[in-house]
Number of protein chains: 2
Amino acid sequence: MRSAKLRDIDLNLLVVLEVLLSERHVSRAAERLNMSQPAVSRALGRLRESFNDPLLIRTATGFTLSSRAVLLQSELDGLLRDIERVIEPPQFDPATDDTLIRITGLDMEVGLYFPALVKRVRALAPNMRFEVVRQELDSFPMLERDEVHFSLSGLAPMSAEHSLHRRALEEMNVVCLLADNHALAHAKMSAEDYANTPHGLVSITGRGAGSMEQVLAAHGLKRDVALRLAGFTSVADFLEDSDLVFTLPKRLAERIAEGRRLLIRPLPEPLQAAPVKFYLYWHERYHHDPRMIWLREQFMEVIFTT
Amino acid sequence: MRSAKLRDIDLNLLVVLEVLLSERHVSRAAERLNMSQPAVSRALGRLRESFNDPLLIRTATGFTLSSRAVLLQSELDGLLRDIERVIEPPQFDPATDDTLIRITGLDMEVGLYFPALVKRVRALAPNMRFEVVRQELDSFPMLERDEVHFSLSGLAPMSAEHSLHRRALEEMNVVCLLADNHALAHAKMSAEDYANTPHGLVSITGRGAGSMEQVLAAHGLKRDVALRLAGFTSVADFLEDSDLVFTLPKRLAERIAEGRRLLIRPLPEPLQAAPVKFYLYWHERYHHDPRMIWLREQFMEVIFTT
DNA sequence: ACTCACTATCCTAAAAATGGATAGCTTTTA
DNA sequence: TAAAAGCTATCCATTTTTAGGATAGTGAGT
């Protein structure tokens, strides 16, 4: 058991010893260490006891080193430098860092936020690499298990996974996305209109999609979900020329509508739901990591300057 | 100034940290460290503060390591091993040690004691090398200046060179050495006979040779020193066929007399002086050095077993 | 709901470190 | 030769730190 020897000696004394050996002078050592002379003298006493060796030997002209002290001096310098290196906060240099950053999130959300981040980061940290990991039903366990550094999600952790941190990226209103030849495409949509038309719904996890149902219920209404999709990719294909309505966060809807025969309409006034929030999640284990701190900053810069 | 960072953290905590990181369990760590659980818990608290990082993160199944902790764990093992190596008493292995041992002493004394030592030591430590250094007028400053590891001397340090240690090797009576055709060679020598014959004296340092003078003075006598030599080598040559008497330690006299036309006679009864003592001297700086401790033991073995 | 396992905190007692003053020693200076 | 100066080690009272026992609080498993 290693501790046997290590715990016999006060390691803090090594710092004092190093200075003492190089100064060969208690008072000067005390000055360099910002300690009082008696304190250093007694530290020397403890060192002598610990090493069972006088270490510094009085001579007419001052102190000489014992043979043990000579040995120690030659080793201590490197040793203390090592200790310093280990305990010193790890320096992060974007220019040379080559960490592989793993991120996850729903395809659409990743497509919405990550490209700009990667572009910016790669400009500042050319050796940093990225990996977008396909997300499981629930991305929080992935953070928990250290499979990814970041997760992008609009959800909240269900259980008390308290080791997670998050930062809100953007609030986004929910809008209706429908075919441009939909019956409701050009008229003003009432709450009843909305409730009575068939709906499409993207639900990857099977949860978290119930907010509209709650809003409708508050008005004594309910809707019919005719199509349930596990991803955003084919939403447009299902929507064109159909009677479906998808209710989606605004920017996602815009993306999907782009170049397609689709229209975006606001939700009927009375049904205004709380805006959807997207969060960047990370695990406590990286909360103080300078690389990750820097990345989070970059993320925020990207989000709020574009 | 290095101390800046090193003195900010209690280095002893690193030992606790290492165990904590490998156990990921406060109570078990406490057990391994022979500390109470609260003590380790508080140590962890201090570590968290020092590193500004949670280090160990609670999860459902136990603790996980923070990224900093992972880094630390990979470094700590080697670091603590290094510390241990440095603070651990230097192991000395005669079989492999190749230290160059420097010794000094008067030629005669060296010839008397060192050959047997060297022989014995070389049998046990074949790689150890020796150098007999020509001694200055005074050998003590040579010890002081770390020019030799050992000095063989019958003298005592004159000033308060308190950093020296010594070990008495042998007490030796002083005898008279004279030509076998000397007038006093075969008669019983009285104190007056002794005082009235011309004397030879070996005095390398110019001091320490006054003991006979004191003994004579105590009896109201004084002697005439006709020849003063700076070494023992040519004593025999001066003595043969001369009227001189040398007063020398017994074994030295025997050496010198060997194969020469010389005789050894005891000192006249009333003049019995205190026996001469020879000492092995070494400097405080090597007092605790395992190599030198071993050598001193070997020396004593040689002296007292032959 | 209850038990079990574990960590963090509260409290008090014990231990350690600190700084000022100073004794004791040696060298240097007058 | 005596006085002064420089330095370390020790004494003392005080402050700071650390320790262990008891226990509250938390979450997991039954």
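Just so we're on the same page: letters track the sequence lines, and every chain starts at 1.
- Atom CZ in Arg7(B) sits about 12 Å away from atom P in dA17(C), given to the nearest Å.
- Distance Glu49(B) CD to dT18(D) P: 12 Å, rounded to the nearest Å.
- Leu47(B) has its CG atom 16 Å from the P atom of dT17(D), to the nearest Å.
- Computed from coordinates, the Asn12(B) CG to dT17(D) P distance equals 15 Å when rounded to whole Å.
- In this structure, Asp53(A) does not pair ionically with Arg48(A), as no charged nitrogen and carboxylate oxygen lie closer than 4.0 Å.
- Between the CG atom of Asp10(B) and the P atom of dA15(C) there is a distance of 19 Å, given to the nearest Å.
- By the ring pair (Phe, Tyr, Trp, His ring centres under 6.0 Å) test, His149(A) is found to be paired with Tyr286(A), residues two or more places apart in sequence or in another chain being considered.
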Practice problem: Give the B/S/- string for nucleotides 4-11 of chain C, one per nucleotide from 5' to 3', where a protein heavy atom under 4.0 Å of the base yields B, of only the sugar-phosphate yields S, and otherwise -. | Solution: --SBBB--
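- Annotation: cation-pi pair Arg166(A)/Trp282(A) absent, no NZ/CZ under 6.0 Å from the ring centroid and within 45° of its normal.
- Atom CE of Met35(B) and atom C1' of dG21(D) are 15 Å apart (whole Å).
- Residues passing the ring pair (Phe, Tyr, Trp, His ring centres under 6.0 Å) test with Phe92(B) are Trp294(B), sequence neighbours excluded.
- The pair Arg32(B)-Glu23(B) counts as a salt bridge, with a side-chain nitrogen and a carboxylate oxygen less than 4.0 angstrom apart.
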